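Notes follow once the structure below has been shown.
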Amino acid sequence: MQNAIINVKGQILNPDQAKISVFDRGYLYGDSLYEVVRSYHGEFYLLDEHLGRLKASANLCHMTLDQNISTYKSEILRTFQVFKSRPENRKLEAYARIIISRGVGKIGFGLDCLETPPLYTIIIQPVEPPTQAQYKKGMRVQITRRIRNDRRALDPAMKSGNYLNSVLAYLEANAAGYTDALLTNSEGHITEGTTFNVFYVKRGILATPPLDVGILEGVTRRKVMELSRILQIPCREVRFPKERLFDADEVFLSSSIKEVFPITQIDSVKIGTGAPGPITERLHQAYRDSLPQRTHK
């Protein structure tokens, strides 16, 4: 955390200087939204798409943002410039998280309890991407007994700070010796992981859960589907039970930080050869090729 730079509603601070009220609704109730982006060669990838989803999340949770999306973007970039200006950070790529809480006020759910407009906070810190060795090994995940939140209760399409569903699934899988968790919905259909979307490959065809199964519309998921069309890899959005993953030739996840990353074991079942599969490799390389490239001055 010591290399991080924090922006609290326009004021740029070191981590030990950043303060948020204990009466902030994000702290009290998880009543907040957030987005995460990663930089490549000094440029945040798909930042506009992430901020567009932030606006959509605000609509889903009935939150009126007090700033334009363009303001949030400029503040992220301004904070990033301060981060990069530090000598120890100049050669580092960054992880950026923007959090927007509904505001600060008296304890109580009503909007009349609020005494401030929504509060935004931006965290910029060095990114810790997976290593090549981790990629080749792949991820071991557990399909937990804990199910994904029902869309009618807390819609996973909204990227909110109310993250206990995923935290508990992760902790339970981790305690059982797995790296991360996958969740089903109440009908037994695979939805997504704790912080990622999931795809599988069978006989050269790519499949992923549809949005209406109860998932976040991942920005990286959308990019992978676009790349599959370019590469002429058939891609279908279908509901499926966990057994479909056990029988898959390949399984991989998509996320802003891990990009396209192989899943090589689910529960006690080895997936395919136990190594990244050929379609995973093609999509991983295509994703890497789509990233901002180093400019030569």
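Everything numeric here is computed off the predicted structure, so don't read it as measured data. Note that these values count all heavy atoms, side chains included, but never hydrogens, waters or copies made by symmetry.
V201 and V198 fall into different hydrophobic clusters, where Ile, Leu, Val, Met, Phe, Trp and Tyr are joined by side-chain heavy atoms under 4.5 Å apart, directly or via other members. The cluster map of Ile, Leu, Val, Met, Phe, Trp and Tyr, joined by side-chain heavy atoms under 4.5 Å apart, puts I76 and Y120 in the same cluster. Cluster annotation: I147 is not connected to I143 through the hydrophobic network of ILVMFWY side chains, with a link wherever side-chain heavy atoms come within less than 4.5 Å. Under the 4.5 Å side-chain heavy-atom criterion for Ile, Leu, Val, Met, Phe, Trp and Tyr, Y40 and V219 are members of the same hydrophobic cluster. Under the 4.5 Å side-chain heavy-atom criterion for grouping Ile, Leu, Val, Met, Phe, Trp and Tyr, L54 is not connected to V36 through any hydrophobic cluster.
Donor-acceptor pairing under 3.5 Å is recorded for the side chains of D24 and S101. Counting only N and O atoms by type, the side chains of E237 and T208 include no donor and acceptor under 3.5 Å apart. Side chains of R148 and S186: a donor-acceptor N/O pair is absent below 3.5 angstrom, by distance only. The closest side-chain donor-acceptor pair between T144 and E172, if any, does not fall under 3.5 angstrom. Side chain to side chain, Q142 and Y170 fail the donor-acceptor criterion of an N or O pair below 3.5 Å.
The two residues L33 and M158 come nearest to each other via the heavy atoms CD2-CG, 3.9 Å. When every heavy atom of P130 is checked against every heavy atom of I257, the shortest pair comes out as CD-O, 3.7 Å. Across every non-hydrogen atom of T116 and V104, the tightest pair is OG1-N, 2.9 Å. Across every non-hydrogen atom of F80 and G42, the tightest pair is CE2-O, 3.3 Å. Nearest heavy-atom pair, T264 versus P276, reported as atom, atom and distance to 0.1 Å: CG2-N, 4.4 Å. Annotation for F109 and R25: closest pair O-NH2, 3.0 Å, computed over non-hydrogen atoms.
The distance from atom CD1 of I99 to atom OG of S160, rounded to the nearest 0.5 Å, is 12.5 Å. How far OG1 of T280 is from CD1 of I271: 11.0 Å, rounded to the nearest 0.5 Å. Interatomic distance, SG of C61 versus CG of D31, reported as 6.5 Å (0.5 Å rounding). Distance CG/N68 to CG/L51: 12.0 Å, rounded to 0.5 Å. To the nearest 0.5 Å, atoms CZ (R140) and CG (D180) are separated by 12.0 Å. Atoms CG and CD1, from D249 and I279 in turn, are 8.0 Å apart once rounded to the nearest 0.5 Å.
Within 6.0 Å of atom CZ in F240, more than 12 heavy atoms from other residues, nucleotides or ligands are found, so the atom counts as buried in its surroundings. Around the CD atom of E128, the shell of radius 6.0 Å holds no more than 12 heavy atoms that belong to other residues, nucleotides or ligands. Crowding of Q11 atom CD: a count of heavy atoms from other residues, nucleotides or ligands under 6.0 Å not exceeding 12. Under a cut-off of 6.0 angstrom, the local environment of NZ in K137 is sparse, with at most 12 non-hydrogen atoms contributed by other residues, nucleotides or ligands.
For N185 (side chain) and V213 (main-chain N/O), a donor-acceptor pair under 3.5 Å exists by modelled atom type. Counting only distance, with no hydrogens or angles, the side chain of Y29 and the backbone of G108 share a donor-acceptor pair below 3.5 Å. Using a distance-only test at 3.5 Å, with no hydrogens or angles considered, a donor-acceptor pair links the side chain of S166 to the main chain of T194. No side-chain donor-acceptor contact under 3.5 Å links N7 to the backbone of I12. Panel note: side chain R282, backbone L231; a donor-acceptor pair is recorded below 3.5 Å. A donor-acceptor pair under 3.5 Å is formed between the side chain of T191 and the backbone N or O of L183. Although no hydrogens or angles enter the test, the distance criterion places a donor-acceptor pair under 3.5 Å between the side chain of N174 and the main chain of Y178. The main-chain N or O of P156 is never found under 3.5 Å from a side-chain atom of K159 such that the two would form a donor-acceptor pair. Judged purely by atom type and a 3.5 angstrom limit, R102 uses its side chain to pair as donor or acceptor with the backbone of H62. Listed for the E115 side chain is no donor-acceptor partner under 3.5 Å among the backbone atoms of C113.
The shortest side-chain heavy-atom distance between I215 and E217 does not fall under the 4.5 Å cut-off. Considering only heavy atoms from C-beta on, Y72 comes within 4.5 Å of I98 through its side chain. Residues R146 and N165 are in side-chain contact: their nearest non-hydrogen atoms beyond the backbone lie under 4.5 Å apart. Side-chain contact between S254 and F196 is absent, with no heavy-atom pair separated by less than 4.5 Å. Looking only at side-chain heavy atoms (C-beta outward), L46 and V37 stay at 4.5 Å or farther from each other. Counting heavy atoms from C-beta on, the side chains of Q265 and V141 never come closer than 4.5 Å. Between R221 and M225 the shortest side-chain heavy-atom distance falls below 4.5 Å. Contact of the I5 side chain with the R86 side chain is registered, since non-hydrogen atoms from C-beta on lie closer than 4.5 Å.
Using a cut-off of 4.0 Å between Lys/Arg side-chain N and Asp/Glu carboxylate O, K202 and D247 are scored as salt-bridged. Between E93 and K84 no salt bridge is recorded (no basic side-chain N to carboxylate O distance below 4.0 Å).
Taking the ring centroids of F261 and H284, they lie at or beyond the 6.0 Å cut-off. Residues F252 and Y200 keep their aromatic ring centres 6.0 Å or farther apart.
Between Y287 and Y45, the ring planes are perpendicular. Angles over 60° get that label, and only those under 30° would be called parallel.
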Inset, instruction - Applying salt bridge (charged side-chain N to carboxylate O under 4.0 Å, His left out), run through D212 and R151 and close with a yes or a no. - result: CA-CA 8 Å; D212 63 11; R151 295 175 69 199; 5.6 Å; no
Inset, instruction - Just do the salt bridge (charged side-chain N to carboxylate O under 4.0 Å, His left out) check on R229 and E226 with the steps written out, would you? - result: CA-CA 5 Å; R229 289 191 292 272; E226 174 191 319; 5.3 Å; no
Inset, instruction - Could you give me the CA-CA distance, side-chain angles and deciding distance for E187 and R239, then say whether salt bridge (charged side-chain N to carboxylate O under 4.0 Å, His left out) is met? - result: CA-CA 10 Å; E187 298 173 341; R239 291 174 177 248; 3.1 Å; yes
Legend entry - Evaluation steps, salt bridge (charged side-chain N to carboxylate O under 4.0 Å, His left out), between E35 and R53: CA-CA 8 Å; E35 283 289 337; R53 187 173 63 184; 2.8 Å; yes
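Listed by first then second residue, pairs satisfying salt bridge (Lys or Arg N to Asp or Glu O under 4.0 Å) with a partner in residues 251-269 read R38-E259, E259-R288, not counting sequence neighbours.
In this structure, the side chain to side chain donor-acceptor pair (under 3.5 Å) partners of K9, at least two apart in sequence or on a different chain, are D66. Residues meeting the side chain to side chain donor-acceptor pair (under 3.5 Å) test with Y95, sequence neighbours left out: R97.
Exactly one residue among D150, D155, N149 makes a side-chain hydrogen bond (donor to acceptor under 3.5 Å, both in side chains) with R152. That residue is D150.
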